[in-house]
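Whatever order the structure lists them in is the order used to number ligands and atoms, beginning at 1. Only heavy atoms go into these numbers, but all of them, side chains included; no hydrogens, no water, no symmetry mates.
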Amino acid sequence: MPQDPTATTDVAVIGGGVIGLAIAWRAAARGLRVCVLERGELGAGASRVAAGMLAPVTEADAGELALLGLGLRSARDWPAFAAELEQAAGADPGLRRSGALVVARDRDEAEALERELALRLELGLDVQRLLPSAARRLEPALAPTVRLALDVAGDHSADPRAVVLALAEAARRAGVTLRTCTAVERIESRGGRVTGVGLAGGEVVRAPRVVVAAGAWSGAIEGLPRIPLRPVKGQILRLRDPAGGGLVARIVRFEGGYLVPRGDGRYVLGATMEERGFDTTVTAGGLYELLRDAGELVPGVHEMVVEEMSAGLRPATPDNAPVLGPAEELAGVHWATGHHRNGILLAPVTADLVAGGLGDGGEPVAPAFAAARFGRVPA
Ligand code: GLY
């Protein structure tokens, strides 16, 4: 890497969500000077809305085996990542090792669940089939109408807002510069190599390496190579049980949604999947469907207080896998986006792979996650 004596930082990270902050923290630990540029407040994009499921097994899809492998690896990394983060930041990232139940309400859903079970067993994943009585022994708040359930003991959750706070503090303590309300408008380059980023207002942050971790907005920065990225809207509710914690201990997943307990009476109920561009409005229909479906399975949901309704944008690629590592077309640009439904889960492995690739000798990113898998994307 040629040295630029005028560089203001070694690495400019575009995006101050969980992904950008985790990379910044890890890159600083490798001795790099890092500056995070966030157009709003830290974690104000998808990280603020995310429920925080660490759920490679329940998210598994037959057509996404490389993604499953990456998710399982990151899930294994999470406990050590959380412990190290808590130590570095003096703040708890809210990891809960709860396990998950996937439940079916009727015969069609039960048949679909049998297929999901068969796939997971074929893949060697840890899933147990539960009759309704056994499911209700584990989670007595489930409605008696539940037809079938799967016990997924290895799927857990973290609290993304707590993760953002902890990562920001750990990054600060490691010497990372965090600039909020700082929008990057364009990538500066010369001779096929990045030289920095241009901010709204004209300032240029000179840097020989730029990490693009701006979620669904990553494709909108002038001067970047094109990648096929689109926003997938998710509406979500934050609920509180006035009776306190304990109604539901495990994540409860159902056709079209999930209920994630934080363990203290707070729950996150999500999420819609909508292709509506950059729209983040909250709609009556979206919330109605979530509450109706969750309330059928866990009637106690109807007694809960609604604390917040929000919508976020998942950054999605055509194969639902992230885009990680160096951009072939522009030396010095490193991708860290496209995490779709798995941004919180994939943060540890993304941080290690992308921060590792900023210097020499990092682990190469598998072709399944390289931008090159999409070929040349028309502007
Ligand atoms: N991680 C689940 C979702 O994106 O809704």
Side-chain angles (χ1 to χ4, degrees), residues 17-19 22 43-61 64 67-68 70-72 74-75 78 93-96 98-103 116 150 152 154-164 213 215-218 229-239 250-262 266-276 278-280 282-283 285-287 289-291 293-294 297 308-323 337-350:
V18 164
I19 296 291
S47 302
R48 190 182 64 84
V49 181
M53 278 186 297
L54 312 176
V57 176
T58 45
E59 290 280 333
D61 185 286
E64 299 173 359
L67 177 60
L68 171 63
L70 195 72
L72 289 170
S74 208
W78 246 102
L95 174 64
R96 279 197 79 234
S98 63
L101 288 188
V102 191
V103 293
E116 290 199 17
L150 304 184
V152 183
D155 277 6
H156 304 306
S157 68
D159 179 345
R161 294 179 182 185
V163 178
V164 166
W217 292 269
S218 297
L229 195 67
R230 67 184 202 288
V232 177
K233 175 178 172 179
Q235 301 190 49
I236 209 157
L237 284 142
R238 285 181 156 72
L239 305 171
R250 291 162 186 75
I251 298 166
V252 176
R253 298 194 64 142
F254 49 93
E255 174 80 34
Y258 43 78
L259 183 67
V260 181
R262 293 274 182 253
R266 291 177 302 142
Y267 293 83
V268 182
L269 170 60
T272 62
M273 290 278 286
E274 301 169 70
E275 304 268 355
R276 293 185 184 275
F278 284 87
D279 165 29
T280 51
V282 175
T283 65
L287 300 185
E289 283 177 23
L290 288 171
L291 284 166
D293 293 353
L297 285 162
E308 190 183 319
M309 303 170 282
S310 51
L313 300 172
R314 306 172 181 91
T317 64
D319 58 14
N320 295 331
V323 183
T337 186
H339 293 78
H340 194 220
R341 295 177 58 91
N342 297 297
I344 309 303
L345 168 66
L346 295 176
V349 74
T350 297

Examine [X] against ligand 1 and note whether any of their N/O atoms are separated by less than 3.5 Å.
{"X": "His340", "value": "no"}
{"X": "Glu59", "value": "no"}
{"X": "Asn342", "value": "no"}

Between Thr283 and Gln235: side-chain donor-acceptor atoms closer than 3.5 Å |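 Gln235 and Thr283 do have a side-chain donor-acceptor pair below 3.5 Å.
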When you look for heavy atoms under 4.0 Å from ligand 1, do you find them on the side chain of Arg314, its backbone, both, or neither?
->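 Looking at Arg314 and ligand 1, just side chain atoms fall under 4.0 Å.
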Under-4.0 Å heavy-atom contact with ligand 1, by part of Met53 that carries it |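 It is the side chain that touches ligand 1; the backbone stays farther off.
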Quick one: nearest non-hydrogen protein atom to atom 1 (N) of ligand 1, plus distance?
->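 Residue, atom and distance for the closest contact: Arg341 O, 2.7 Å.
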Among all protein non-hydrogen atoms, which one is nearest to atom 3 (C) of ligand 1, and what is the separation to 0.1 Å?
->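 Result for atom 3 (C) of ligand 1: Tyr258 OH, 3.2 Å.
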Any sub-3.5 Å donor-acceptor pair from Trp78's side-chain atoms to Leu345's backbone N or O?
->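 Judged by distance alone, yes, a pair lies under 3.5 Å.
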Residue pair Glu308, Arg48: steps toward the salt bridge (Lys or Arg N to Asp or Glu O under 4.0 Å) verdict = CA-CA 11 Å; Glu308 190 183 319; Arg48 190 182 64 84; 3.3 Å; yes
Atom CE of Met53 and atom CZ of Arg96: how far apart are they, to the nearest 0.5 Å?
->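 Those atoms lie 13.5 Å apart.
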Where do Asp155 and Arg253 land on the salt bridge (Lys or Arg N to Asp or Glu O under 4.0 Å) test, with the steps shown first?
-> CA-CA 11 Å; Asp155 277 6; Arg253 298 194 64 142; 5.2 Å; no
Give the atoms of ligand 1, by number and element, whose distance to some non-hydrogen atom of Ala271 is under 4.0 Å.
->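 Numbered from 1, ligand 1 contributes 5 (O).
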Of Val282, Leu259, Leu269, the residue whose pairing with Leu237 passes side-chain contact (heavy atoms from CB on, under 4.5 Å) |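 Testing Leu237 for a side-chain contact (heavy atoms from CB on, under 4.5 Å) against Val282, Leu259, Leu269 leaves exactly one candidate, Leu269.
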